[in-house]
Amino acid sequence: MRWIVASAWPYINAVPHLGTLIQVLSSDVYARYRRKKGDSVVFVSGSDEHGTPIEIEAIRKGISPKELTDKMHSYVSDLFNRFGISYDNYTRTESPTHVKFVQEFYMRVYENGHIFEKETEQLYCPNDKMFLPDRFVIGTCPYCGYEKAHGDQCDRCGRLLNPTDLINPRCAICGAEPELRRTKHWFFDLPKFSGKLKEYVESNEQLPDNARSMSLSMIEDGLKPRSITRDNKWGIPAPFPGAEGKTIYVWMEAVLGYVSAVKEYFERLGKPEEFDEFWKGKDTKSIYFIGKDNIPFHTLIFPALLMASEEGYVLPYNVASTEFLLFEGEKFSKRERIGIWLDEALALLPADYWRFYMIYIRPETKDANFAWDDMVAKINDELNDTLGNLIHRVLSFIKSRYSGIVPDAQLDEESEEMLKEAKEIAERIEDSIERVKLRDALKEFLEMARLGNRFFNSREPWRDIRENKPRADSTVVASFNLLKAMASYMHIFMPFSAERLWRMMGLDGEPAPFSDAFNIVTGVQLGEVEPLFHKVNKEELQEKLEEVRERGEVLSARE
RNA sequence: AGCGGGGUGGGGCAGCCUGGUAGCCCGCCGGGCUCAUAACCCGGAGGUCGGUGGUUCAAAUCCACCCCCCGCUACCA
């Protein structure tokens, strides 16, 4: 089976925070899982770098948008690398392949008759010489009198507004008074696809409940045409006749990145012909990891665009949408510095600790909350004590009592039984991941560690070693092989630690594919044994975070 | 306002779709073990599952209404 695994493209006007990491990590766990199962995987994402907020951020910094995104893209790519995200291609929307692909794609949709033009009126800032998105017009709310209401909504009374409703409207960038100007835009005829989309959503059983219900209710309410173009300078030039000076709206191009990134991947490999096999293949499935705010783009607009291209691209097999992550009960906020940003996170703890905790609290059924106390408890009690200690007690036992060499012994019935139970847990892990229940999978994985601890306790090999050597041998061989199997499963969640474990166990290469996870190995000479994890302390972590921020050690702290 | 999600022992969560003795982690109490990172294992106390009414032999689970919290509403991305 071929798999396209993708996570939503982070918008890189700023360093992403932990909320973004959820999607990125989820997709990585899934991609690693597929590879361990032996599937053919192309795992892609990239930086979403066009649009007004980046243009404005660049103005604020006094540099060009390209200079800004060049810097941010390399910074963010590096962060994902350090988090162990195994992208086959992490690209960007400025990539020439993407730009060319988007333009050709839309021309095709245009020629297929799914795009029309329409004149609209929009506020324009004569000072900044740009049309202003609704959000970038500020003025007095006509309902409650709030003076800093945005053109799309008043933040005080919550009413939805049109920018022209505002009293005394101002440009959010420079404060000048905007004027109403006529402008022409190109629209994608989304309503035309309502029927097909409904059929697609209803027949797609993998979709999470939140994605299905939201999509269906939107179709039920009636879809509207979506404008494809913007009057921004910073973006991909719209290819339509008469659209000179217009660019493609970021969302409408960024979703196509899922396709162009795979194309680019194969071009880079020197096998461009494999792109079609992948994206149009009958045995290809695609899965997208996103937050619930992105659902309509992935379940409606993106599939409709793929249909409209009439190119035979496979429709999304699953849109693995999650709820939101809160930080100590509040929304992440850059302005108020509520949250933790990715570069800060890595300054505090190794990537695997974050990978562990973020998957542990993955917001699968409802908004989840990041809490220091909870994170510390989970890391100390489960990651360190349950898992880390099992590994250490088994390996150090082999070190001290067996000179570091796993005995070449037969397994007795009880040992066989334990490994059989472990295999059943492994099957449940796989089953959970198939259903994209990643937190269940991680919890099942911890169950393997509990099984190991129970087994080691009840078998008391420290006693057998004197009184019943064969029994101790069996315990040791079984425990060692449990760890070996665990390393394979750990590898998808915590790749760095799993690889370290593998080396400590004296095994070659990297943790085995699932098909070999339970092949019994004996006679191995262990490597250097040391604790895999350590406990963490809340106060120390918080102090460290303060330091990192005060010293401006990471980019997000300086923004 | 509309739509969506949530309200389960002290804390954090699962279970609800496919009704039938309420499960997990932490914390608390007691015991065991000493190989291990004061780690591990076993046992126990603690919840009438937001409220009211209904369906049913039986409801945390289905239905109706109500209360509270959160999010989204498509030219912010």
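Letters A, B, ... are given to chains in the order of the sequence lines, protein chains preceding strands, and every chain is numbered from 1.
- Comparing the same atom, P, in B/A38 and in B/U18 gives a spacing of 49 Å after rounding to whole Å.
- Map A/Leu390 and A/Arg466 each onto its nearest nucleotide of RNA chain B; the residue landing nearer the 5' end is A/Arg466.
- Going from the P atom of B/C13 to that of B/C70 covers 15 Å, rounded to whole Å.
- Under the ring-ring contact (aromatic ring centres under 6.0 Å, His included) criterion, A/His392 pairs with no residue, sequence neighbours left out.
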Pairs: protein N or O with nucleotides 69-72 of chain B N or O, under 3.5 Å:
from	atom 1	to	atom 2	distance (Å)
B/C70	O2'	A/Asp367	OD2	3.4

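- Listed by chain and number, the residues in a ring-ring contact (aromatic ring centres under 6.0 Å, His included) with A/Tyr90 are A/His73, A/Phe80, A/Tyr87 (sequence neighbours excluded).
- Separation of the C1' atoms belonging to B/G2 and B/C28 is 47 Å when rounded to the nearest angstrom.
- Here A/Arg466 pairs with nothing under the salt bridge (charged side-chain N to carboxylate O under 4.0 Å, His left out) rule; sequence neighbours left out.
- The side chain of A/Pro531 has B/U37 as its nearest neighbour among B/U37, B/A14, B/C35.
- For the pair A/Arg459 CZ and B/C40 C1', the interatomic distance rounds to 17 Å; values are reported in whole Å.
- Side-chain atoms of A/Arg463 and A/Asn468 form no donor-acceptor pair, as typed in the model, at a separation below 3.5 Å.
- Positionally, the nearest nucleotide of RNA chain B for A/Asp374 lies more toward the 5' end than for the other of A/Leu532 and A/Asp374.
- A/Asn384 places its CG atom 8 Å from the C1' atom of B/A39, with the value rounded to the nearest Å.
- In this structure, the side-chain contact (heavy atoms from CB on, under 4.5 Å) partners of A/Lys378, at least two apart in sequence or on a different chain, are A/Phe356, A/Tyr357, A/Tyr360, A/Asp374, A/Glu382.
- Residue A/Arg393 places its side chain closer to B/C35 than to any other of B/U37, B/C75, B/C35.
- A side-chain donor-acceptor contact under 3.5 Å links A/Asn232 and A/Thr52.
- A/Gly291 comes within 4.0 angstrom of nothing in the nucleic acid, heavy atoms only.
- If you take CD of A/Glu530 and P of B/A36, they are 17 Å apart, rounded to a whole angstrom.
- When rounded to the nearest whole Å, the span between CD1 of A/Ile219 and P of B/U73 equals 18 Å.
- Under the side-chain contact (heavy atoms from CB on, under 4.5 Å) criterion, A/Asn318 pairs with A/Gln206, A/Leu207, A/Pro208, A/Ile287, A/Val436, not counting sequence neighbours.
- With C1' as the reference atom, B/U56 and B/A77 are 50 Å apart, rounded to whole Å.
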Worksheet, complete the sentence: Note, RNA chain B 5' to 3' with Watson-Crick or G-U pairs under 3.5 Å encoded as ( ), [ ], | and . gives ((((((((.[[[[.)....(..]]]].(((((.......))))).....[[[[[..)....]]]]])))))))....
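- Among the heavy atoms of the strands lying under 4.0 Å from A/Asn453 are primed sugar atoms or P, OP1, OP2 only; no base atom is included.
- Taking atom NE2 on A/His17 and atom P on B/A77, their separation rounds to 16 Å, with Å as the unit.
- Within 4.0 Å (heavy atoms only), A/Lys224 reaches at least one base atom of the nucleic acid.
- Of the candidates B/C35, B/A77, B/C42, the closest approach to any side-chain atom of A/Arg454 belongs to B/C42.
- Residues passing the side-chain hydrogen bond (donor to acceptor under 3.5 Å, both in side chains) test with A/His298, sequence neighbours excluded: A/Tyr258.
- For A/His114 and A/Phe193, the ring centers sit closer than 6.0 Å to each other.
- Residue A/Phe533 is classed as a base contact, given a heavy-atom separation below 4.0 Å to a base.
- Among the atoms of the strands shown, none is found under 4.0 Å from any heavy atom of A/Asp373.
- For A/Arg401, there are no side-chain hydrogen bond (donor to acceptor under 3.5 Å, both in side chains) partners two or more places apart in sequence or in a different chain.
- For A/Glu55 and B/C75, the CD to P distance is 18 Å, given to the nearest whole Å.
- Among residues two or more places apart in sequence or in another chain, the side-chain hydrogen bond (donor to acceptor under 3.5 Å, both in side chains) test is passed with A/Asn389 by none.
- Atom-to-atom, NZ of A/Lys437 to C1' of B/C24 comes out at 16 Å; the value is rounded to the nearest Å.
- B/U61 and B/U52 are spaced 12 Å apart, taking the P atom of each and rounding to whole Å.
- Distance noted for atom P between B/G10 and B/C49: 13 Å (whole Å).
- In this structure, a donor-acceptor pair under 3.5 Å is present between the side chains of A/Glu94 and A/His50.
- Using atom C1' as the reference point in both B/G51 and B/A59, the two lie 16 Å apart (nearest Å).
- Side-chain contact between A/Leu197 and A/Met307: present, with at least one pair of heavy atoms (C-beta onward) separated by less than 4.5 Å.
- Using P as the reference atom, B/C62 and B/G6 are 11 Å apart when rounded to the nearest Å.
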Worksheet item: Which nucleotides of nucleotides 25-33 of chain B have their base under 4.0 Å from a protein heavy atom (B), which only their sugar-phosphate (S), and which neither (-), written as one string 5' to 3'?
Response: SS-----BS
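- If you measure from atom CZ of A/Arg439 to atom P of B/G12, you get 13 Å, rounded to the nearest angstrom.
- In this model, a side-chain donor or acceptor of A/Asn389 finds a partner on the base of B/A36 within 3.5 Å.
- Considering only residues two or more places apart in sequence or on other chains, A/Asp352 meets the side-chain contact (heavy atoms from CB on, under 4.5 Å) condition with A/Arg355, A/Met494, A/Pro495, A/Phe496, A/Ser497.
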